Amino acid sequence: MEEELIVRPTSETIIWDTYRNWIKSYRDLPILCNQWANVVRWEMRTRLFLRTAEFLWQEGHTAHATMEEAEIEAKKMLGVYTEFAEKWLAIPVYQGVKSANERFAGALNTYCIEAMMQDGKALQAGTSHFLGQNFAKAFDVKFLNKENKLEYVWATSWGVSTRLMGALIMSHSDDDGLVLPPKIAPIQVVIVPIYKTDEEREKVNSRCLEIKAQLEAKGLRVKYDDRDTQKPGFKFHEWELKGVPVRLAVGPRDVENGTVELARRDTMTKESVAFAGIDAHVVELMDVIQSNLYQKALTYRNEHTFDVNTWDEFKAQVEKGGFVHAFWDGTTETELKIKEETKATLRFIPLDVKEEEGVDVYSGKPAKMRVYFAKAY
RNA sequence: CGGGAUGUAGCGCAGCCCGGUAGCGCGCUUCGUUCGGGACGAAGAGGCCGCAAGUUCGAAUCUUGUCAUCCCGACCA
């Protein structure tokens, strides 16, 4: 091949090989490279969307002159991911730090956001690593600082992947299909006309077009399903399956009465609303649905997070699913034993963990904090 | 990689044990009646039975090989 093809599990080696050539002075710092790339992993067992042998992800790599600056960057990106998950995908996440055992190889700290799926299993939704000077040393990336001294750079890397699509699906969907938060729904509103005769169709059609124009003027993404080949009931189910947040149905009676039938995907409720002011009503509803989905997922997550104090409780709860919040003595040994006996992994140490006195739920040794365990994807 | 299973019409499956030249549901086509929550009736179209050998008068069915897919088993997005 003329072009070099690189198959990789992550791009650190490519990036750092390049950084060595790019970074010479403190004036070259900080530096940030962001890319979307396909990466491959050897997976014993794959899982659609959540664990695939090849996946598309976004990865960022930064290098800094100081440790502080790199730490701030790593946490900043965790914040960006948190905001995206919660505000856009409506998926509540816990922010945490991985234990030494779960840490990314080569990182000093691995920050993560962890979500709870509807089946009670945890899912890591994104990570941000504080790499310290490890990669700089491994790839010999040094710079001259203001004092004219040679120093290794401090680094971070962070990423999210198409796994987020799996998280989205598993967080909100129900037996009727996909449920999409308005902010990311490709179609936010679908309009379905109802008619029997050509005459009715004519009337209903112009009303629907009117509504569509009004909604689009407000910046909404609207689909007018005027297919004459499918009947209304069929269309209702089809758009529900695809997760469209709001459906408007307009029939002869509505045109007559100046109303529109409005159905919400998140609550599966229907109501008759006035045609006048429908645009403002729907715009407002987008926010209502967005926050309702988040709230629902948050309630679910909270109801599936349990404080546990004994080993028996621990085992029983892990079996049932959810996050288990328990004292940990801080050793890898205990962490591995717990995993061996329950298949639960230490998901994270909360970012805002508070020190408190306790005894480890497994070893009975003194513990200084509670951490989160769960079975995970 | 280890264990288990499955490949038959566009999709989901039955038939295989007890060989006789393939059937059901959905979907598709036509006509009529329907049309505010996945319509109904009637008539149709559609299949080298994963692939290759073998046994047999005859193979979707038995034998062997081969390919593919799925599920289960300790992971680092």
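This one's a predicted model, so the numbers in the text were calculated from it and none came from an experiment. Labels below follow one simple rule: chain letters A, B, ... track the order of the sequence lines, proteins then strands, and each chain is numbered from 1.
For the pair Gln230(A) CD and C26(B) C1', the interatomic distance rounds to 14 Å; values are reported in whole Å. Atom pair Leu346(A):CG and C76(B):P shows a separation of 17 Å (rounding to whole Å applied). Counting to the nearest Å, the C1' atom of A77(B) and the CZ atom of Arg8(A) are 14 Å from each other. Residue Lys343(A) contributes atom NZ, which lies 12 Å from atom P of C72(B) at whole-angstrom precision. Remark: P of C76(B) and CZ of Arg347(A) are 11 Å apart, rounded to the nearest angstrom. Residue Asp228(A) contributes atom CG, which lies 15 Å from atom C1' of A39(B) at whole-angstrom precision. In this structure, Asn38(A) atom CG and A77(B) atom P are separated by 17 Å, rounded to whole Å. When rounded to the nearest whole Å, the span between NZ of Lys235(A) and P of G36(B) equals 11 Å.
Between C62(B) and G15(B), the distance separating the two P atoms is 12 Å to the nearest Å. Rounded to whole Å, the P atom of A22(B) lies 13 Å from the corresponding atom of A59(B). For G20(B) and A60(B), the P atoms lie 9 Å apart once the distance is rounded to whole Å. Comparing G23(B) with C16(B), their C1' atoms sit 14 Å apart, to the nearest whole Å. Rounded to a whole angstrom, the distance from the C1' atom of U29(B) to that of A14(B) is 25 Å. Nucleotides A43(B) and C24(B) place their P atoms 13 Å apart, quoted to the nearest Å. Atom name C1', nucleotides G46(B) and A9(B): the rounded distance is 6 Å, in whole Å. Separation of the C1' atoms belonging to C57(B) and A52(B) is 23 Å when rounded to the nearest angstrom.
When heavy atoms are screened at a 4.0 angstrom cut-off, Leu50(A) is found touching base atoms of the nucleic acid. Among the protein residues, Glu240(A) comes within range of the nucleic acid bases, having at least one heavy atom under 4.0 Å from a base atom. Within the 4.0 angstrom heavy-atom criterion, no nucleotide atom of any strand lies near Glu340(A). Within the nucleic acid shown, Arg201(A) has no heavy atom closer than 4.0 Å to any nucleic acid atom. Note on Gln124(A): only backbone sugar-phosphate atoms sit closer than 4.0 angstrom, heavy atoms only; bases stay farther off. Heavy atoms of Thr52(A) sit under 4.0 angstrom from at least one base atom. When heavy atoms are screened at a 4.0 angstrom cut-off, Lys98(A) is found touching no nucleic acid atom at all.
Mapping Gly233(A) and Phe49(A) onto RNA chain B by nearest heavy atom places Gly233(A) closer to the 5' end of the strand. Along RNA chain B, the nucleotide nearest to Thr345(A) and the one nearest to Val260(A) differ in position, and the one closer to the 5' end is contacted by Val260(A).
Checked against G38(B), A77(B), G36(B), the side chain of Trp57(A) finds its nearest nucleotide in A77(B). Side chain of Glu238(A), nearest nucleotide from G38(B), A77(B), G36(B): G38(B). Considering only the side chain of Ala249(A), G36(B) comes nearest among G36(B), A74(B), G38(B). Comparing A77(B), G36(B), G37(B) against the side chain of Ser161(A) picks out A77(B) as the nearest.
Using a 4.0 Å cut-off between charged nitrogen and carboxylate oxygen, Asp360(A) and Lys368(A) do not count as a salt-bridge pair. For Glu210(A) and Arg207(A), the salt-bridge test passes: some basic side-chain N is under 4.0 Å from an acidic carboxylate O. A salt bridge does not link Glu256(A) to Arg253(A): none of the charged nitrogens lies less than 4.0 Å from a carboxylate oxygen.
Remark: Arg41(A) fails to qualify as a cation-pi partner of Phe55(A) under the 6.0 Å distance and 45° angle criteria applied to the six-membered ring.
Across all strands shown, A39(B) forms a Watson-Crick or G-U wobble pair, both distances under 3.5 Å, with U33(B). With a cut-off of 3.5 Å on both pairing distances, the Watson-Crick or G-U wobble partner of G44(B) is C28(B). Checking C1(B) for Watson-Crick or G-U wobble geometry (two distances, each under 3.5 Å) identifies G73(B) as its partner. Across all strands shown, C57(B) pairs with G20(B); the Watson-Crick or G-U wobble distances both stay below 3.5 Å. Base pairing of U66(B): its partner is G50(B), meeting the Watson-Crick or G-U wobble criterion (both donor-acceptor distances under 3.5 Å).
In the displayed structure, Glu341(A) atom CD is contacted under 6.0 Å by more than 12 heavy atoms of other residues, nucleotides or ligands.
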TODO: Let me see the working for Asn309(A) and Arg370(A) under side chain to side chain donor-acceptor pair (under 3.5 Å), right down to the final yes or no.
DONE: CA-CA 10 Å; Asn309(A) 295 308; Arg370(A) 281 180 183 272; 2.6 Å; yes
Open item on the list: Using side chain to side chain donor-acceptor pair (under 3.5 Å), reason through Thr156(A) and Thr62(A) one step at a time and then give a plain yes or no.
Closed with: CA-CA 5 Å; Thr156(A) 76; Thr62(A) 69; 2.5 Å; yes
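Taking a centre distance below 5.5 Å and an interplanar angle below 30 degrees as the stacking criterion, Phe234(A) does not stack against the six-membered base ring of G37(B).
Under the 30°/60° scheme for interplanar angles, the aromatic rings of Phe348(A) and Tyr372(A) are found to lie parallel.
Under 3.5 Å, the side chain of Lys231(A) and the base of G37(B) form no donor-acceptor pair of N or O atoms.
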